[in-house]
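Residues take their numbers from the sequence shown, with the count starting at 1.
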Amino acid sequence: MRAGPSQEDIRRHNLGALLRHVHLGGPISRAELTSRMGLNRSTIMALTSDLTAAGLVREELPRETGRAGRPSLVVRPESSRVYVFAFDVSPDRLAVARVGLGGLILDRREVARERGSPALGELAGVLAGFARQMRRRTRDDTVCVGAAAAVPGGVRKADGVVAFGPNLGVEEAVPFGEELGRRLGLGLPVSVGNDANLAALAEHSRGVGAAVKDLIYLHGDVGIGGGIITGGHLLGGHDGYGGEVGHIVVNPGGRACGCGSHGCLEAEVGERALLEAAGRFRSGQHGRDAVRAVVEAADRGDIVAQEALKRVGDWLGLGIANLVNIFNPEMVIFGGMLREVYLGSAAQVRSRLTLHAMAPQRERLRLRTSSLADDATLVGAAELAFAHVLADPLEVLARAGS
């Protein structure tokens with residue numbers, strides 16, 4: 001007969017749950033925590049006292065409430081003291097942020113990245129250098145409790161190795177997290193996740209998809225990535241490679257894709273497909289600025305740009321219709337360059353959905369653009385880094401402090 005959870009297990013769970021409320025929701029009163037968590041006031045007081053003693057939260061009197069009686073103390077995250085490093089590697093930029101508990105970006109560095117520049121493993125030194133610069137500017141009482149990186153590639157769940165990434169030039173497995181952790185020298189492991197998966201988590205926890213339990217996030221840079229939230233949890237797959245929606249085939253025998261197949265959603269909708277259709281694929285013209293230029297030209301009445309967006313929108317709508325039929329999401333979110341592409345081709349996307357998505361699945365479907373914009377992947381990396389803290393707040397803080 002299996003024993004039930006111990007008192008220590010329950011305490012650990014409750015500490016993590018309370019800290020999660022404060023981390024994601026911001027300042028919150030003890031009374032509200034009592035209501036949301038279904039615990040009595042004395043238990044909430046004991047939990048907040050433990051977290052306060054550990055330096056993870058602080059309690060203070062609320063501003064004037066206008067109510068009679070003793071006001072309930074407000075619990076706030078210690079954003080300036082407890083932080084993580086978040087790294088974002090994309091084909092066109094490198095970004096590093098120091099993110100405080102509660103999701104507050106305290107400091108950041110960003111630099112353009114030339115395509116075809118140093119391999120993924122070599123970029124670890126550049127990213128670690130930025131993080132060390134930021135760490136030197138922190139107070140003595142601050143503590144780093146984690147680090148995580150978002151990369152546009154397949155990340156093996158077992159060890160965080162980047163197994164493939166055609167748009168990053170990754171042709172063989174790269175132990176990126178291990179190398180970045182070694183370069184950082186903080187004695188902390190560096191978690192690694194697929195950028196679209198992490199952006200999906202970010203939108204689900206802090207963005208336009210907050211409180212939505214079933215959503216699909218589509219991310220566009222050079223290619224197309226996706227993150228699928230079902231029942232409030234990220235769909236990762238057996239090895240962690242789930243959500244590679246950019247490689248569903250929408251046009252058999254169509255354009256060649258970097259994965260080796262033909263007619264993938266990425267090949268028909270990605271940056272190159274749009275720029276070539278608009279007659280703008282020339283040396284030196286790429287990235288989100290080039291995509292925005294096509295959308296802006298279409299808005300001004302450029303027929304070629306309008307036809308390019310219509311073509312890409314048709315394939316995008318077909319791909320989404322397939323995903324909607326399979327996963328029945330409440331919301332589809334467009335991020336990265338797909339924000340602009342969707343806004344410029346919404347009519348075609350909706351037309352394809354009407355034709356190819358089953359009526360019950362599309363009846364309550366909402367299409368939205370990312371509210372976190374270009375920071376979605378960076379915010380997602382920060383949330384991945386904080387996951388360990390939220391699972392066992394006191395243990396993680398004690399380990400980081402030592």
Side-chain angles (χ1 to χ4, degrees), residues 152-154 193-204 207-209 212-238 240-252 254-255 257-259 261-271 273-274 309 311-370 376-377 380:
N194 171 266
D195 59 351
N197 281 343
L198 295 184
L201 287 173
E203 291 290 345
H204 173 61
V208 69
V212 176
K213 291 187 176 182
D214 297 277
L215 65 81
I216 295 175
Y217 172 88
L218 296 176
H219 187 81
D221 272 317
V222 177
I224 306 296
I228 300 168
I229 304 287
T230 177
H233 300 283
L234 180 70
L235 181 67
H238 179 67
Y241 306 139
E244 285 291 338
V245 301
H247 299 289
I248 60 174
V249 177
V250 293
N251 183 23
R255 296 171 60 92
C257 182
C259 73
S261 185
H262 286 77
C264 293
L265 181 65
E266 175 171 309
E268 302 294 349
V269 175
E271 174 191 296
L274 176 64
L309 280 170
R311 173 184 172 83
V312 166
D314 278 338
W315 293 123
L316 179 59
L318 181 58
I320 294 171
N322 287 329
L323 295 171
V324 167
N325 286 339
I326 297 170
F327 295 104
N328 184 209
E330 179 183 346
M331 182 180 290
V332 173
I333 303 171
F334 301 92
M337 74 157 193
L338 283 184
R339 283 179 294 141
E340 283 76 21
V341 170
Y342 168 67
L343 291 174
S345 62
Q348 283 69 40
V349 171
R350 293 182 179 278
S351 175
R352 283 290 191 176
L353 281 171
T354 300
L355 287 172
H356 300 291
M358 297 176 68
Q361 279 91 324
R362 71 170 189 268
E363 184 177 9
R364 298 173 60 189
L365 177 68
R366 291 181 284 163
L367 304 180
R368 297 289 186 270
T369 55
S370 167
T377 47

Please test Val332 against Leu367 for side chain to side chain contact (heavy atoms under 4.5 Å, CB included), starting from the C-alpha separation and ending with a verdict. CA-CA 5 Å; Val332 173; Leu367 304 180; 3.8 Å; yes
Qualifying residue for side chain to side chain contact (heavy atoms under 4.5 Å, CB included) with Ile229, from Asn197, Ile333, Leu234: Leu234
Please give me the minimum heavy-atom distance between Cys259 and Cys264, naming the atom from each residue. SG-SG, 3.8 Å
Side chain to side chain contact (heavy atoms under 4.5 Å, CB included) with Phe327: of Asp214, Thr230, Leu235, Leu215, only one passes, and it is Leu235
With a cut-off of 6.0 Å (strictly less than), are more than 12 heavy atoms of other residues, nucleotides or ligands near CZ of Arg311? no
Taking all atoms of both residues into account, what is the closest heavy-atom pair of Asp195 and Pro152, and its distance? OD2-CB, 3.3 Å
Is any side-chain heavy atom of Ser261 less than 4.5 Å from a side-chain heavy atom of Val249? yes
Qualifying residues under ring pair (Phe, Tyr, Trp, His ring centres under 6.0 Å), relative to Tyr241, sequence neighbours excluded: Phe164
Give me the atom names and distance for the closest heavy-atom approach of Tyr217 to Gly335. OH-CA, 3.4 Å
Ser370 and its side-chain hydrogen bond (donor to acceptor under 3.5 Å, both in side chains) partner, picked from His219, Glu203, Arg339: Glu203
When rounded to the nearest 0.5 Å, the distance separating CG of Leu201 from OG1 of Thr377 is 12.0 Å
Please name the pair of heavy atoms, one in Glu268 and one in Val250, separated by the smallest distance, quoted to 0.1 Å. CG-CG2, 4.0 Å
Report yes if some heavy atom in the side chain of Leu316 is under 4.5 Å from a heavy atom in the side chain of Gln348; otherwise report no. no
With Val312, which residues qualify under side chain to side chain contact (heavy atoms under 4.5 Å, CB included), at least two apart? Val269, Leu274, Val341
Contacts of type side chain to side chain contact (heavy atoms under 4.5 Å, CB included), residue His356, not counting sequence neighbours: Leu318, Ala321, Arg352
Rounded to the nearest 0.5 Å, the CG atom of Asn328 sits from the CG atom of Leu323 at a distance of 12.0 Å
Between Cys257 and Ala267, which heavy-atom pair has the shortest distance, and what is it? CB-CB, 3.9 Å
Roughly how far, to the nearest 0.5 Å, is CD of Glu244 from CG of Leu265? 11.5 Å
Minimal non-hydrogen separation, Ala357 against Val324, with atom names: CB-CG1, 4.2 Å
Are the side chain of Ser351 and the backbone of Ala347 linked by a donor-acceptor contact shorter than 3.5 Å? no
Check against side chain to side chain contact (heavy atoms under 4.5 Å, CB included), His247 and Glu266: CA-CA 6 Å; His247 299 289; Glu266 175 171 309; 3.6 Å; yes
If I take atom CD1 from residue Ile320 and atom CG from residue Leu338, how far apart are they, to the nearest 0.5 angstrom? 8.0 Å
Is His204 reaching over with its side chain to a backbone N or O of Val212, donor-acceptor style, under 3.5 angstrom? yes
Please examine the side chains of Tyr342 and Leu218, heavy atoms only from C-beta on, and report whether any two atoms are closer than 4.5 Å. no
